[in-house]
Amino acid sequence: MIFQDHNLVPRLSVLKNVLSGRLSHMPVWSSVLQLFGEEDLRIAHECLRRVQLDERAWSRANRLSGGQQQRVGIARALAQQPRAILADEPVASLDPKTARVVLDDLRRASHDLGIAVLCNLHQVGYALEFADRIVGIHAGAVVFDGSPKTLDEATLVRIYPGLEIAGLREEAA
């Protein structure tokens with residue numbers, strides 16, 4: 001799970017935050033003592049490299065920008081070696097440039113590692129730009145399920161009544 005508000009332990013290092021994703025793979029005694037094996041360390045460092053934060057491994061999490069903290073959250077999720085990741089509005093509090101970096105990290109991880117990413121986004125432009133598949137829901141009902149290329153303006157208005165849609169596809173490009 002990747003959370004909207006990062007959910008990192010602020011006083012721990014970036015590496016320890018990522019290693020927390022490995023706790024379910026460890027015996028209780030070693031997790032309590034924070035004794036991580038070589039394989040766990042290798043996985044954590046690889047996950048940090050994947051989100052371009054390997055040089056920040058020993059920094060405290062609370063010394064990172066919001067975008068960097070979100071990428072640590074992605075690395076922590078990847079360290080669990082999941083088949084699927086749920087991302088709850090992972091870019092809601094990020095500026096557009098950083099949001100694209102985070103979404104690109106998620107897309108690359110999905111494609112490179114074969115991980116399904118279910119990402120809840122309210123920014124239609126980002127969904128059009130980064131998604132392989134969009135499921136649009138309004139009032140609890142599925143209004144659209146398909147490729148971003150086939151999502152038309154009439155369907156967007158059914159998903160978001162009153163949405164100003166002019167220029168939406170250009171905004172995503």
Which atom pairs, one a donor and one an acceptor, fall under 3.5 Å between side chains of residues 44-53 and the rest of the protein, sequence neighbours left out?
from : atom 1 : to   : atom 2 : distance (Å)
E46  : OE1    : R49  : NE     : 3.4
E46  : OE1    : R49  : NH2    : 3.4
R50  : NH1    : D112 : OD2    : 3.3
Q52  : NE2    : R50  : O      : 3.3

Sequence neighbours left out, cut at 3.5 Å: what donor-acceptor pairs do the side chains of residues 131-139 make with other protein atoms?
from : atom 1 : to   : atom 2 : distance (Å)
D132 : OD2    : H111 : NE2    : 2.8
R133 : NE     : D145 : OD1    : 2.7
R133 : NH2    : D145 : OD1    : 3.2
R133 : NH2    : D145 : OD2    : 2.9
H138 : ND1    : I159 : O      : 3.1

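In the hydrophobic clustering of ILVMFWY residues, with side-chain heavy atoms under 4.5 Å counting as a link, L23 and V14 come out together. By the criterion of side-chain heavy atoms lying less than 4.5 angstrom apart, applied directly or through intervening Ile, Leu, Val, Met, Phe, Trp or Tyr residues, M1 is not grouped with V117; the two fall into different hydrophobic clusters.
Going from atom CZ of F36 over to atom CG of L15 covers 8.0 Å, rounded to the nearest 0.5 Å. The CD1 atom of I85 lies 11.0 Å from the CG atom of L118; values are rounded to the nearest 0.5 Å. The structure places CG of L86 at 9.0 Å from CD1 of I2, a figure rounded to the nearest 0.5 Å. Distance CG/L103 to SG/C119: 6.0 Å, rounded to 0.5 Å. Between the CD1 atom in I43 and the CD atom in Q80 there is a gap of 11.5 Å [rounded to 0.5 Å]. Atom CG of N17 sits about 4.5 Å away from atom CG of L8, to the nearest 0.5 Å.
Taking 4.5 Å as the limit, every side-chain heavy atom of S20 sits out of range of all side-chain heavy atoms of V9. With contacts defined as side-chain heavy-atom distances shorter than 4.5 Å, the pair Q70/Q4 does not qualify. The closest side-chain heavy-atom distance from R76 to F3 is below 4.5 Å. L106 is not listed as a side-chain neighbour of F130, based on a closest heavy-atom distance of 4.5 Å or more.
Under the 3.5 Å distance criterion, with hydrogens and angles disregarded, a donor-acceptor pair is assigned to the side chains of D95 and T98.
Residues satisfying the side chain to side chain contact (heavy atoms under 4.5 Å, CB included) criterion with A99, sequence neighbours excluded, are V91, L94, Y126. Take R42 and apply the salt bridge (charged side-chain N to carboxylate O under 4.0 Å, His left out) test, not counting sequence neighbours, and it matches E39.
Annotation: salt bridge (Lys or Arg N to Asp or Glu O under 4.0 Å) contacts involving residues 58-72, sequence neighbours excluded, comprise R71-D105. Within the structure, salt bridge (Lys or Arg N to Asp or Glu O under 4.0 Å) pairs that include any residue of residues 3-23 comprise R22-D40 (at least two apart or interchain).
Judged by distance alone, with hydrogens and angles left aside, the side-chain atoms of Q69 form no donor-acceptor pair with the main-chain N or O of H6 at under 3.5 Å. Judged purely by atom type and a 3.5 angstrom limit, S110 uses its side chain to pair as donor or acceptor with the backbone of I115.
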